[in-house]
Participant: 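Can you read through this structure? Questions will come right after.
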There are 2 protein chains.
Amino acid sequence: MPKQPSTVAPKVSTEELILEAAQQVFLEKGMSGARMQEIADRAGINKALLHYYFRSKEQLFKLIVGRAVGTLLPRMLALLESDLELFEKIRRVVREYITFVSANSFLPLFVVNEINRNPEFFFKSITRKEKPRLDAFHRQVAEAVAEGRIRPMASTELLMNMMSMAVFPFMGKPIFQAVLALSEADFQVEMERRRTEVAEFVIRAIQA
Amino acid sequence: MPKQPSTVAPKVSTEELILEAAQQVFLEKGMSGARMQEIADRAGINKALLHYYFRSKEQLFKLIVGRAVGTLLPRMLALLESDLELFEKIRRVVREYITFVSANSFLPLFVVNEINRNPEFFFKSITRKEKPRLDAFHRQVAEAVAEGRIRPMASTELLMNMMSMAVFPFMGKPIFQAVLALSEADFQVEMERRRTEVAEFVIRAIQA
DNA sequence: TAATGGATTAACCGTTTGGTTAACTTCTGA
DNA sequence: TCAGAAGTTAACCAAACGGTTAATCCATTA
């Protein structure tokens, strides 16, 4: 038998331990700031064992980046391409994205950083699978404009606005906290409110 | 005489050369990714001379961060605290911010990174000068709400939305380019449009 | 139970990196 | 004109770092 989960120790595999530790360290410090020794320490293993499982720092890093991008982008694209009614879609997209980012607040900055630092790698890794065409979303917006349900507006602009308002406050959290004098609790309350308010803000801005 | 600008060589001071080179390298690679040797090379000088002017990498880095934060934040706060009429203020803030970030597109990501990596240092460095109270802006929004000129809306939310839409598209540029299939020229056209459109988007969303 | 192969470790290695030293050059002012 | 200060350099150093080696541990199985 390949696994015999003891009743006392949950016994997480060493590989998972490493990946978890690597994710922590890379998200906190970035590629160049991360240290293989620290990853080993947090995983509770030897540094040599790290190279035994993942040949090099770069390989391990690319794996973590792939995981991070893979949990952020598909989530967004799938909802945008669903066949929900436009306003309902806006509400769902904003709500789900803010909820997810709330629980993974270091992820967006990490992903944005790495994609800016190494765009070619990113381009390849997403076009390798299916090219993320937002045809349905573009069409949906164009139709809503044509039917006069919303004001003339490019779907690209709409998308940028939604995503910006959903994600950026988490990246700029310390800045907003300082400038707006928000405590930790204040900030969380604010983000909780945005979960619904951002969508309504967008809808008011676009409806005819 | 302290300076005798030759007619042939403009003769930039070594210190400025270093700061310029350091800014380039730090913005591109971050603190841990930057190399003192590369900064020296780009400044066209010896590495020892770098330490002669700026004792350590950390000191040089803090200087660059200070300069970066100092060119981003005051610009925003001053306009927000000016006594322009609210809608006009929104138009001006968005326009000026997008224009500035267009010309310094690496700066926001750098600043956001560093502030997240080292929030205490940032908090100190801005509260040391005058504390950035946005009293005028908060009051202005509250009044506009009371007078029924705009819908009930917290000024914090309004500020976050404006700033997010102005800044984030530049940080997420490669992502948006990939997902929306935008060429370099397409992207620039889009940003040019946003220079005015974002403000109108905000105004439509908030007006009663 | 002995052999096999994967898992794990301590010790080590070569390179890179931030920083220093000591000497040399250039500038400045008395 | 010349002495001292400021500017600049090549060579060097110790620490940190990613990565390797060779030996040991340990579970499986024949």
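For clarity, every value in this text was computed on a predicted model and none was experimentally measured. Chain naming here is simple, since letters A, B, ... match the order of the sequence lines and numbering starts at 1 in each.
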Participant: Tell me what A:Ala40 touches on the nucleic acid: a base, only sugar-phosphate, or nothing, going by heavy atoms under 4.0 Å.
Facilitator: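 The answer is nothing, as A:Ala40 stays clear of every strand by at least 4.0 Å.
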Participant: Among C:dT8, C:dT21, C:dG19, find the nucleotide with the atom closest to the side chain of A:Thr14.
Facilitator: C:dT8
Participant: Start with the C-alpha gap between A:Arg195 and A:Thr99, add the side-chain angles, then the distance that decides, and say whether side-chain hydrogen bond (donor to acceptor under 3.5 Å, both in side chains) holds.
Facilitator: CA-CA 7 Å; A:Arg195 231 185 284 263; A:Thr99 302; 3.0 Å; yes
Participant: Whole Å only: how far is the OH atom of A:Tyr52 from the P atom of C:dA10?
Facilitator: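 Atom-to-atom, A:Tyr52 to C:dA10, this comes out as 17 Å.
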Participant: Closer to the 5' end of DNA chain D via nearest nucleotide, is it A:Arg35 or A:Arg55?
Facilitator: A:Arg35
Participant: What is the distance, to the nearest angstrom, from the CZ atom on A:Phe61 to the P atom on D:dG18?
Facilitator: 13 Å
Participant: Can the ring centres of A:Phe61 and A:Phe26 be said to be less than 6.0 Å apart?
Facilitator: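 A:Phe61 vs A:Phe26: aromatic centres under 6.0 Å.
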Participant: Quick one: A:Asn46 CG to D:dT20 C1', roughly how many Å, whole number?
Facilitator: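 In whole Å, D:dT20 C1' and A:Asn46 CG are 12 Å from each other.
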Participant: Would you mind reading off the distance between B:Ile18 atom CD1 and D:dT9 atom C1', rounded to a whole angstrom?
Facilitator: 14 Å
Participant: For the atom pair CG (A:Leu182) and CZ (A:Phe176), what is the distance rounded to the nearest 0.5 Å?
Facilitator: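 CZ of A:Phe176 is found 9.5 Å from CG of A:Leu182.
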Participant: My understanding is that only one of B:Lys89, B:Arg92, B:Glu88 makes a side-chain contact (heavy atoms from CB on, under 4.5 Å) with B:Ser82; could you say which?
Facilitator: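 Single side-chain contact (heavy atoms from CB on, under 4.5 Å) partner of B:Ser82 among B:Lys89, B:Arg92, B:Glu88: B:Lys89.
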Participant: In this structure, how many angstroms lie between the P atom of C:dA10 and the NE2 atom of A:His51, rounded?
Facilitator: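 For the pair A:His51 NE2 and C:dA10 P, the rounded distance is 16 Å.
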Participant: In whole angstrom, give the distance that lies between atom CG of A:Leu60 and atom P of D:dG19.
Facilitator: 10 Å
Participant: Without decimals, in angstroms, what is the distance between A:Asp41 CG and D:dC17 P?
Facilitator: 11 Å
Participant: A:Tyr53 has an atom OH; how far is it from atom P of C:dT9, in whole Å?
Facilitator: 10 Å
Participant: Assess whether one donor atom and one acceptor atom, taken from the side chain of A:Lys57 and the base of D:dG19, lie less than 3.5 Å apart.
Facilitator: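 Check fails, no donor-acceptor contact within cut-off.
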